[in-house]
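Fair warning: this is a prediction, and the values are worked out from it, not measured in the lab. Residues: numbered from 1 along the sequence shown.
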Amino acid sequence: LGGGFGVGKGFGPEVTLGHELKKALPDVDIYLVKSARSGTAISKAARVNFDPAGSNNEYTALIRRVEAALDDLEAHGREYSVEAFFWMQGEADALDRHNLPGSAEPSGARYGVNLCNFIESVRGDLQLPDLPVFAGGLPSNLVSTVFHGNTFSNAPLVIAGQEQVARDPGLITFLISTDDLSLRQDRLHYDTQGQLELGLRFARAYLKHKGVQGADAPPTREPESKADGKARDGNKAFHQYTVEISPDGHTWVKVADRSTNTAPATENGDLCGFEPAEARYIRVNLLKNSANPAVHLVELRAFEAGKR
């Protein structure tokens with residue numbers, strides 16, 4: 001076997017990932033579920049993609065493969081917990097030939113938004129809202145690579161998108177550097193040693209995250225001020241939104257307006273009070289997250305004043 005991609009007899013980072021985890025956690029059974037296909041993008045601009053909203057794509061195959069593996073464990077009476085999601089992808093989105101459907105804008109320009117949607121869709125479809133994600137960053141020199149006549153001029157856009165998402169630790173736990181990993185002669189795909197080292201870095205990132213004693217942190221591509229969900233300016237991320245209520249789902253009344261908010265978010269969330277009103281529906285219009293290009297809502301609670 002050799003370091004590989006696509007289909008065939010190649011292996012990937014799962015080999016050293018599994019061995020390194022088992023070495024550090026000898027009393028724990030390690031189960032790995034792999035889903036991979038060469039040349040896949042997140043954007044629906046590509047023929048083969050991981051777009052959750054697409055049809056007949058690799059995203060559906062990924063979810064089905066994981067669900068089938070978990071069903072098999074349950075059928076054999078094995079207890080388990082899903083501990084992590086490891087993700088290495090982005091080269092296809094960096095190709096200069098991929099534009100957004102009906103637009104001249106390169107698909108790489110929306111990689112950050114697409115990656116946010118992908119992560120949240122995986123968590124939602126697998127019903128694992130807190131699933132840690134460990135991602136490999138694209139190498140910074142990809143922009144100079146030529147592969148079968150294809151160039152990767154959108155690589156800086158994809159890398160910027162990865163770093164934007166990684167500023168929110170609730171989305172990506174570790175963004176691992178791949179700049180120094182060795183490559184095959186095509187100067188695009190990792191060779192045997194590169195695949196093995198990538199697996200080691202994934203394992204070390206997970207062990208560091210879990211606080212395993214003696215675990216060394218892998219090289220990471222640390223976005224500016226990632227810690228604690230901080231934004232580029234060094235302040236904690238802030239969120240802008242409005243809240244509306246409705247008795248019937250058709251007529252809406254705005255009861256809270258945070259559209260100009262710049263106060264940093266806290267672990268206690270936001271409390272929006274308003275005059276008592278009868279309503280059956282609540283709608284939150286998410287406008288901005290200063291930490292990354294996508295917006296997301298973790299939890300919403302409604303209660304009578306004084307009874308929370």
Side-chain angles (χ1 to χ4, degrees), residues 3-6 10-21 32-43 46 49-50 58-59 62 83-95 108 111-112 114-116 118-119 122-123 131-145 147 152 154-169 171-184 186-210 215-223 226 292:
F5 56 94
F11 65 83
E14 69 278 0
V15 175
T16 43
L17 168 62
H19 281 288
E20 190 75 0
L21 292 179
L32 300 176
V33 183
K34 179 180 179 179
S35 183
R37 180 170 176 178
S38 177
T40 48
I42 289 183
S43 170
N49 60 73
F50 279 94
E58 287 302 303
Y59 178 82
L62 163 67
E83 289 288 315
F85 185 84
F86 301 96
W87 180 248
M88 183 67 234
Q89 183 273 342
E91 291 86 350
D93 292 275
L95 286 168
Y111 189 85
N114 291 338
L115 183 57
C116 284
F118 172 78
I119 292 171
V122 168
R123 288 171 170 166
L131 180 65
V133 175
F134 301 86
L138 288 191
S140 56
N141 62 356
L142 180 63
V143 69
S144 61
T145 299
F147 179 68
F152 298 84
N154 293 324
L157 297 174
V158 174
I159 291 172
Q162 292 175 331
E163 293 180 349
Q164 283 180 318
V165 178
R167 290 190 191 103
D168 186 341
L171 287 171
I172 289 183
T173 307
F174 269 87
L175 180 62
I176 297 165
S177 174
T178 63
D179 282 350
D180 59 339
L181 296 186
S182 55
L183 302 172
R184 297 163 62 102
D186 61 19
R187 308 308 301 163
L188 176 64
H189 299 95
Y190 302 121
D191 63 11
T192 298
Q193 191 55 45
Q195 294 280 15
L196 295 175
E197 178 61 26
L198 179 59
L200 288 175
R201 293 183 183 184
F202 275 144
R204 290 166 185 165
Y206 171 79
L207 295 171
K208 186 69 175 180
H209 168 67
K210 298 297 288 186
D216 296 325
T220 58
R221 174 173 291 155
E222 194 70 13
K226 169 184 174 177
N292 62 63

Side-chain heavy atoms of Tyr59 within contact of Val122, under 4.5 Å: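 Yes, at least one pair of side-chain atoms sits under 4.5 Å.
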Report all side-chain donor-acceptor pairs from residues 84-91 shorter than 3.5 Å, counting only partners two or more places apart or in another chain.
residue : atom : partner : partner atom : Å
Gln89   : OE1  : Tyr111  : OH           : 2.7
Gln89   : NE2  : Thr40   : O            : 3.1
Gln89   : NE2  : Asp93   : OD2          : 2.7

For His19, all residues meeting ring-ring contact (aromatic ring centres under 6.0 Å, His included), sequence neighbours excluded: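 Partners of His19 under the ring-ring contact (aromatic ring centres under 6.0 Å, His included) test: none.
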[X]: side chain to side chain contact (heavy atoms under 4.5 Å, CB included) partners, not counting sequence neighbours:
{"X": "Leu157", "value": "Pro106, Ala109, Asn154"}
{"X": "Leu181", "value": "Thr178, Tyr190, Glu197, Leu198, Arg201"}
{"X": "Ala205", "value": "Phe134, Phe174, Ile176, Pro218"}

Chi angles and distances behind the side-chain contact (heavy atoms from CB on, under 4.5 Å) call for Arg37, Leu62: CA-CA 10 Å; Arg37 180 170 176 178; Leu62 163 67; over 6 Å; no
For the residue pair [X] and [Y], what are the closest heavy atoms and their distance?
{"X": "Pro132", "Y": "Arg123", "result": "CA-NH2, 4.4 Å"}
{"X": "Leu131", "Y": "Glu83", "result": "CD1-C, 4.2 Å"}
{"X": "Gln162", "Y": "Gly137", "result": "OE1-CA, 3.4 Å"}
{"X": "Lys34", "Y": "Phe11", "result": "NZ-C, 4.2 Å"}

Rounded to the nearest 0.5 Å, how far does [atom2] of [Y] lie from [atom1] of [X]?
{"X": "Leu115", "Y": "Ile172", "atom1": "CG", "atom2": "CD1", "result": "5.0 Å"}
{"X": "Ser140", "Y": "Ile159", "atom1": "OG", "atom2": "CD1", "result": "6.0 Å"}
{"X": "Thr16", "Y": "Leu200", "atom1": "OG1", "atom2": "CG", "result": "4.5 Å"}
{"X": "Leu175", "Y": "Arg167", "atom1": "CG", "atom2": "CZ", "result": "10.5 Å"}

Residues Leu21, Leu17; criterion side-chain contact (heavy atoms from CB on, under 4.5 Å); working and verdict: CA-CA 6 Å; Leu21 292 179; Leu17 168 62; 3.7 Å; yes
Working for side-chain contact (heavy atoms from CB on, under 4.5 Å), residues Phe152 and Leu188: CA-CA 10 Å; Phe152 298 84; Leu188 176 64; 3.9 Å; yes
side-chain hydrogen bond (donor to acceptor under 3.5 Å, both in side chains) partners for Ser182, two or more places apart: Asp191
